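Structure first, then comments.
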Amino acid sequence: MLESASPVTQALLGTLLTWGLTAAGSAVVFLLAGTKRKVLDGSLGFAAGVMTAASFWSLLAPAIELAESSGSYGSEGEWAFVPVAVGFVLGAAFVYAADVFMSSTGSHSPNFALAMQSSVKKTDGDDARIPHISANNFSNANDVKQRRGDPGEKATQSQSSVDQERHDKNLQWRRILLLIIAITVHNIPEGLAVGVGFGAIGKTPLATFNKAKNLALGIGIQNFPEGMAVSLPLRGAGHPVWWAFWYGQLSGMVEPIAGVLGAIAVSVCEPVLPYALAFAAGAMLFVVVDDIIPEAQTGGNSRLASGWYIIGFIVMMALDVALG
């Protein structure tokens, strides 16, 4: 039945499968309890390993192969690195610009916004309970200050502590958000690849239904650890388990959209695909080097993070190579 459907329908169903496996990977967060720092560092290391391996086997290698086989970059494909290099640099620049933008606007998590509102309400209530000090009891007020400490000084210290906590939460959220952005960007060209695979069926002898189906299945299996790579760091950072699952599966939601667009505009997507694949690789590796690995090394669990990096790399490499 699927084989007789239209290319757009095939692309939609194929990318719904890849999205579903992303959600299945995110659901692993329900099986892991605890929000300790070790969980965060280990999951960050795993995410970095997955993203590093995926950047090469799932993105850069296919991008170079596509550019070489297109015949547009030299008689023997000697200039095939040009579109890949351009896309790679643009991907890294995109994430860097997103980081700068979030820093300039002070973007923060919804939980952080609620915490700010709560602290404001609490401060207003504390101020309402401070008695009015008149000239007649000024000396008594000084005695109270000496016994209890200067409320103004305590308030200053408390505010400084709150500001530091807000800054730390903001920085942590920004790093995790960049991880979500990078994996989401990575899923766009994968969705396009599935859509192009189904849209190209019958156009050449090499474009068959079975090959398109295997491509969708392979990308879907690869998406399983990617869903974990988003949800586990969120859970490890202390966010609710349903919240972590939601954002984990959300990173794969773009694939059905990209897949349908790829099937519709297959003639346009084929020459653009090397740029898109390299773009995703540049975005992911920039986040790995600039944010994820440094963050995983700051909690005193550097060896644990490095070990999980190796595991994540091997898992993704095995999936990519075994599934072709």
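When a residue number appears, it is its place in the shown sequence, counting from 1. What you see is a predicted model; the values in this text were computed from it and never measured.
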Discussion item. Just verifying a value: how many Å separate Lys213 NZ and Leu17 CG, rounded to the nearest 0.5 Å?
Written reply: 11.5 Å
Practice prompt. Could you list the residues that satisfy side-chain contact (heavy atoms from CB on, under 4.5 Å) with Ala27, not counting sequence neighbours?
Written response: Phe30, Phe245
Worksheet item: What are the two closest heavy atoms between Met51 and Met284, and how far apart are they?
Response: O-CE, 3.5 Å
Discussion item. Would a single hydrophobic cluster contain both Leu60 and Val89, if residues Ile, Leu, Val, Met, Phe, Trp and Tyr are joined by side-chain heavy-atom contacts under 4.5 Å?
Written reply: no
Worksheet entry | From Thr22 atom OG1 to Glu255 atom CD, the distance as rounded to the nearest 0.5 Å | 5.5 Å
Practice prompt. Under the ring pair (Phe, Tyr, Trp, His ring centres under 6.0 Å) rule, collect the residues that match up with Phe88, sequence neighbours excluded.
Written response: none
Worksheet item: What pair of heavy atoms forms the shortest contact from Leu59 to Ala281, and how long is it?
Response: CD1-N, 3.6 Å
Worksheet entry | Distance-minimising heavy-atom pair for Ile201 and Ala212 | CD1-CB, 4.2 Å
Practice prompt. Assess whether side-chain contact (heavy atoms from CB on, under 4.5 Å) is satisfied between Ser306 and Gln297, documenting all intermediate values.
Written response: CA-CA 9 Å; Ser306 298; Gln297 302 288 327; 3.8 Å; yes
Worksheet item: Looking only at heavy atoms, which two atoms of Ala11 and Gly195 are closest? And how far apart?
Response: CB-CA, 3.9 Å
Discussion item. If I take atom CH2 from residue Trp79 and atom OH from residue Tyr73, how far apart are they, to the nearest 0.5 angstrom?
Written reply: 13.0 Å
Worksheet item: If you measure from OH on Tyr247 to CE on Met253, what distance do you get to the nearest 0.5 Å?
Response: 11.0 Å
Worksheet item: Nearest heavy-atom pair of Val8 and Ala263: which atoms, and what distance?
Response: CA-CB, 4.1 Å
Worksheet item: Residues two or more places apart in sequence or in another chain: which of them pass side-chain contact (heavy atoms from CB on, under 4.5 Å) with Ala92?
Response: Phe286
Worksheet item: Any idea how Phe94 and Phe279 line up, ring-wise: parallel (<30°), tilted (30 to 60°), or perpendicular (>60°)?
Response: tilted
Worksheet entry | Cluster check Phe313, Val289: I/L/V/M/F/W/Y, side chain < 4.5 angstrom | no
Practice prompt. Starting at CE of Met317, measure out to CD1 of Ile310 and round the result to the nearest 0.5 Å.
Written response: 9.5 Å
Worksheet item: Say you draw a straight line from CE of Met316 to OG of Ser55; how long is it, rounded to the nearest 0.5 Å?
Response: 9.5 Å
Discussion item. Just to verify, what does Pro256 make a side-chain contact (heavy atoms from CB on, under 4.5 Å) with, not counting sequence neighbours?
Written reply: Leu12, Thr15, Leu16, Trp19
Discussion item. Around atom CZ of Phe81, are there more than 12 heavy atoms from other residues, nucleotides or ligands closer than 6.0 Å?
Written reply: yes
Practice prompt. Could I get the full list of side chain to side chain donor-acceptor pair (under 3.5 Å) partners for Ser6, not counting sequence neighbours?
Written response: Thr9
Practice prompt. Please report the closest heavy-atom contact between Ser26 and Gly248, naming both atoms and the distance.
Written response: OG-C, 2.9 Å
Discussion item. Among residues at least two apart in sequence or on other chains, which ones pass side chain to side chain donor-acceptor pair (under 3.5 Å) with Thr52?
Written reply: Tyr309
